[in-house]
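See structure below.
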Protein chains: 2
Amino acid sequence: MEIALNRTFAALSDPTRRAILSTLLKGPAKVTQLAKPFKVSLPAISKHIRYLEKAGLLNRTKNGREHWCQLNPGPMDEALGWLNNQKQFWENTLDSLEQFLEIQKKEKKNE
Amino acid sequence: MEIALNRTFAALSDPTRRAILSTLLKGPAKVTQLAKPFKVSLPAISKHIRYLEKAGLLNRTKNGREHWCQLNPGPMDEALGWLNNQKQFWENTLDSLEQFLEIQKKEKKNE
DNA sequence: CTAATAGTTAACCGATTGGTTAACTATTCT
DNA sequence: AGAATAGTTAACCAATCGGTTAACTATTAG
């Protein structure tokens, strides 16, 4: 899915959201627990959590008045897959730009 | 660097920019070459390229009136590193939320 | 010199982002 | 019932995004 990567990378582009994800690596957590390390307001964190939820990186389970948040690493694995695929190719592309421009010059001479 | 990841992930969150990066995997390219596959205007592509440049994912070399763009995979490698580090932990966190909530319940009973 | 080519910059637009405060809903505790 | 707790929703704000068209700069070709 193409559009999924958009949302995943966008979700990862914010340091607060990355920190929340890192916290969730240690296990499920409540919204207020997740909010505690940050100086921003609770509604701000609430928005970040909703954002992560929409990106499919976080699952929420309501238990009474508490919302338990759980990491869903699936989309991150997809993002990792995309990057690994890129890496596979960029490692083969070791020709420098200088070399490339030299080739261009020679081609031009010969026409 | 914390802020670098912000810009890297943000750069990767747009499909046009990801496509440009994929094109650059095959080697350096001029701005107009990069723009060709897309239906959007040249200034739009110009902006994307500048964005990638600011994120450090792309290097530009002017050769006469032509701007040659080259992939700089460094920041992508950093992003990949961050994701791989996450993965290392999320693979150890296989406990389901249901289990977790059970534990919470029992802890509550015993207090 | 003039025309074409390569690309950027400027000004604008609507939508989204990341934050705020205030008010609200829902659940639990006493 | 009343108070405290957990969290969301609403309304707002300034900044950024992704796109446009129009105008501009710089280089190359005829």
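From a predicted model like this one, the values you see are computed outputs, not experimental measurements. Residue numbers begin at 1 in each chain, while the letters A, B, ... track the order of the sequences.
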- Message: Output the rounded distance in Å from CG (A/D14) to C1' (D/dA15).
- Response: 14 Å
- Contact residues, residues 35-48 of chain B to DNA chain D [heavy atom, < 4.0 Å]: B/V40, B/S41, B/P43, B/A44, B/K47, B/H48
- Message: I need the single residue from B/L58, B/N72, B/L71 that forms a side chain to side chain contact (heavy atoms under 4.5 Å, CB included) with B/L21. Which is it?
- Response: B/L71
- Item | Interatomic distance where CZ belongs to B/R50 and P belongs to D/dT16 [whole Å] | 13 Å
- Item | Rounded distance (Å) that lies between atom C1' of D/dT16 and atom CZ of B/F9 | 20 Å
- Message: The criterion is side chain to side chain donor-acceptor pair (under 3.5 Å); which residues satisfy it with A/Q33, sequence neighbours excluded?
- Response: none
- Just how far, in rounded Å, is P of D/dC17 from CG of A/N6? 15 Å
- Message: The criterion is side chain to side chain contact (heavy atoms under 4.5 Å, CB included); which residues satisfy it with B/S41, sequence neighbours excluded?
- Response: B/P43, B/A44
- Please identify each residue that fulfils side chain to side chain contact (heavy atoms under 4.5 Å, CB included) with A/R50, with sequence neighbours left out. A/K47, A/K54
- Could you tell me the separation between the CZ atom of B/R65 and the P atom of D/dT27, rounded to a whole number of Å? 10 Å
- Message: If I take atom CZ in residue A/R17 and atom C1' in nucleotide C/dT16, what distance separates them, rounded to the nearest angstrom?
- Response: 11 Å
- Which residue pairs satisfy the salt bridge (Lys or Arg N to Asp or Glu O under 4.0 Å) criterion with at least one member in residues 28-38 of chain A, sequence neighbours excluded? A/K30-A/E66
- Query: Which whole-number value in Å describes the distance from B/E66 CD to D/dT27 P?
  - Reply: 12 Å
- Query: In terms of the nearest nucleotide of DNA chain C, which residue is placed more toward the 5' end: A/G64 or A/T16?
  - Reply: A/T16
- Going by the salt bridge (Lys or Arg N to Asp or Glu O under 4.0 Å) test, which pairs reach into residues 4-23 of chain B, not counting sequence neighbours? A/E2-B/R18
- Message: I need the CG-C1' distance between A/N63 and D/dA6, as an integer number of Å.
- Response: 12 Å
